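Here's the structure we're looking at; comments come further down.
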Amino acid sequence: MIERLAGLASNTARALQNGAQNAADQYNRATHHPRPIYRLVVNGQDITPKIEKRLLSLSLTDNRGLEADQLDFSLEDHDGQLAIPPRRAAVQLWLGWQDTGLVYKGSYIVDEVEHSGAPDIISIRASSADLRAGLTRKRERSWHSVTLADIIYTVASAYSLKPVIDQVLGKIPVPHLDQADESDANLLTRLAGDHDAISSVKAGHLLLMPVGASKTASGIDLPHITLTRRDGDGHRWMEADRDAYTGVRAHYYNDNSAERLDAIIGNDDNIKTLRHVYTDEQSALQAARAEWQRLQRGAATLSYTLALGRPDLIPEMTYSLSGIKQEISDTVWLAKSVTHSLSDSGYLTSLELENQLADDPDLAALVEGGYTGVLAWYRDEKTGKQIKVTEGDQTNPKRLSHLYASKHSAERAVKREMGRLVSGA
């Protein structure tokens, strides 16, 4: 009997101890606030210990393409003990959280320093260090009967960069191209714009990839990110009139004459005309298609701020969002730029997003009128592959440009559009 009572007492004590521990764990989880951490290295010297109590703010804007990434940070200099870093100093940045560790965010070159007061503050601005010396120097040269890959390889070789180019883009023929008093950086930006692509210098690679390809510099697929309303600290969604422009026009010259002709995608009810004049019809059509696709992506935009910053997020990642509005959750979103901000308010990450387009080779064909059905694509949640959904006769379908986030949303969209076609709306 005594042994049984002793056993019951022991079990009761253990239960009370476990209950107390569980209550303590729940309290810790409820009150735990992760602490953001960072590391700054200037010209090879880790300055983090010297400035951790002086940092007022830090912001990193990560852009896609050849637009330079920008790092800004401000330091308190109330006692005058901080040295002003020299221009052209190399700055490396890591960001993260105390419980998950740091993520390397790149190397930057100081191009602007300011000291102001009172109170005394040093403000430093640095730009991404990947733009090689000479890339912005103007050149004169021409290419004849080459491919897009040939041009990229030539430019990459001049700067000891490793070329990474999409296979389909690389095979596109370039009958003639003049680089007249134009830098290689501007040439790459122009070529990317004419083919709805991204040209970028990252980690020693020169990239040319379709917008929305969502690949790293080494060609590996970027992860798809799923966010809910709980992840967000604020958002702003805006949809523009997608019918503001009904087509795009590009001018080109007729072979062996000075006659200027038009290449048109869409119709000319309210047409956007490109400024550049192209050397042949194929180049003009390609540029018009690229501009049309940019207009489709920009039909809706979304700014989204995460309550807790994520250092792993970069441009060209794709996103699915839920818990806000159906118009937002129906489609897949593509990141144009990502801004990481660190201050007394904590560590936040802000995303600038646009609609991801379906990976449909005929998307920009824009056959006008006479549609017999509707076609759309959605992203399969398990495999990440794009799958087609149709409604009606597919002899001449109307192609919905945006990539839908689920089969259900794609089916709803094609049924809605088919109803409009039937009613003539």
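Every value quoted in this text rests on a predicted model; they were computed, and no experiment measured them. Residue indices begin at 1 and follow the sequence shown.
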Any residue meeting ring pair (Phe, Tyr, Trp, His ring centres under 6.0 Å) with Y304, in chain and number order, not counting sequence neighbours: none
Residues forming a side chain to side chain contact (heavy atoms under 4.5 Å, CB included) with E52, sequence neighbours excluded: Y38
With distance as the sole test, does D77 use its side chain to make a donor-acceptor pair with the main-chain N or O of I122 at under 3.5 Å? no
Quick one: pull up CG in D196 and CD in Q286 and give me the separation to the nearest 0.5 Å. 8.5 Å
Measure the shortest side-chain to side-chain distance between W333 and N355 over non-hydrogen atoms and say whether it is less than 4.5 angstrom. yes
Would a 4.5 Å heavy-atom cut-off, applied to side chains only, mark T331 and Q356 as touching? no
Answer with yes or no whether the side chains of D359 and Q386 bring together a donor and an acceptor at under 3.5 Å. no
Kindly list each side-chain donor-acceptor pair under 3.5 angstrom involving residues 229-238, sequence neighbours excluded, with atom names and distances?
residue: D231; atom: OD2; partner: T228; partner atom: N; Å: 2.8
residue: D231; atom: OD2; partner: T228; partner atom: OG1; Å: 3.4

Quick one: list whatever passes side chain to side chain contact (heavy atoms under 4.5 Å, CB included) with R260, sequence neighbours left out. H251, Y253, V277
Show your reasoning for whether side chain to side chain contact (heavy atoms under 4.5 Å, CB included) applies to R412 and D330. CA-CA 10 Å; R412 185 169 56 239; D330 269 353; 2.5 Å; yes
If you compare all heavy atoms of G373 against all heavy atoms of L421, which two are closest, and at what distance to 0.1 Å? O-CD1, 3.8 Å
Are the side chain of Q394 and the backbone of G392 linked by a donor-acceptor contact shorter than 3.5 Å? yes
Flag side-chain contact, heavy atom, 4.5 Å: H78 against R54: yes
Taking all non-hydrogen atoms of both residues, which atom of P311 and which atom of L95 are closest, and how far apart? CB-O, 3.6 Å
Qualifying residues under salt bridge (charged side-chain N to carboxylate O under 4.0 Å, His left out), relative to E316, sequence neighbours excluded: R64
Does a side-chain heavy-atom distance below 4.5 Å link Y319 with L302? no
Would you say the side chain of V164 lies within less than 4.5 Å of the side chain of M209, judging by non-hydrogen atoms? yes
Side-chain heavy-atom pair R379, H224 within 4.5 angstrom cut-off: yes
All heavy atoms of S320 vs all of A405, minimum pair found to be OG-CB, 4.3 Å
Is any side-chain heavy atom of E291 closer than 4.5 Å to one of T273? no
Is a salt bridge present between D380 and K382, judged by a nitrogen-to-oxygen distance below 4.0 Å? no
Knowing that exactly one of L306, T339, T305 qualifies, which makes a side chain to side chain contact (heavy atoms under 4.5 Å, CB included) with T349? L306
Passing candidate, salt bridge (Lys or Arg N to Asp or Glu O under 4.0 Å) with E182, options R137, R141, R190: R190
Is it the case that the side chains of S283 and D280 hold a donor-acceptor pair, with the cut-off being a distance below 3.5 Å and no angle test? yes
Looking at K336, I want to see if its NZ is surrounded by more than 12 non-hydrogen atoms of other residues, nucleotides or ligands under 6.0 Å. no
Using a 4.5 Å cut-off on heavy atoms from C-beta on, say whether the side chain of L285 contacts that of Y252. no
In short, A288 meets L274 closest at the heavy-atom pair N-CD1, 4.1 Å
So if I apply the side chain to side chain contact (heavy atoms under 4.5 Å, CB included) rule between V414 and each of V374, T390, L375, which one comes out positive? V374
Which residues share a side chain to side chain contact (heavy atoms under 4.5 Å, CB included) with V41, sequence neighbours left out: R39, D46, Q92, W94
For the backbone of D72 and the side chain of R125, can you confirm whether one donor and one acceptor N or O come within less than 3.5 Å of each other? no
Distance only, no hydrogens: is a donor on one side chain within 3.5 Å (strictly under) of an acceptor on the other, for D184 and Q179? yes
Here the pair of heavy atoms bringing T372 nearest to T395 is OG1-N, 3.5 Å
Between D178 and S142, is there a side-chain donor-acceptor contact under 3.5 Å, judged purely by atom types and distance? yes
Looking at D79, I'd like to know if its CG atom is crowded, meaning that more than 12 non-hydrogen atoms belonging to other residues, nucleotides or ligands lie closer than 6.0 Å. yes
For E381, I'd like to know if atom CD has over 12 heavy atoms of other residues, nucleotides or ligands within 6.0 Å. no
Closest heavy-atom pair and its distance - T318, S214: CG2-OG, 3.4 Å
Looking at Q167, I want to see if its CD is surrounded by more than 12 non-hydrogen atoms of other residues, nucleotides or ligands under 6.0 Å. no
Just by distance, no angles: are the side chains of T189 and N186 close enough, under 3.5 Å, to form a donor-acceptor pair? no
Evaluate H402 against Y404 for ring-ring contact (aromatic ring centres under 6.0 Å, His included), listing each step before the verdict. CA-CA 6 Å; H402 299 157; Y404 289 87; 7.2 Å; no
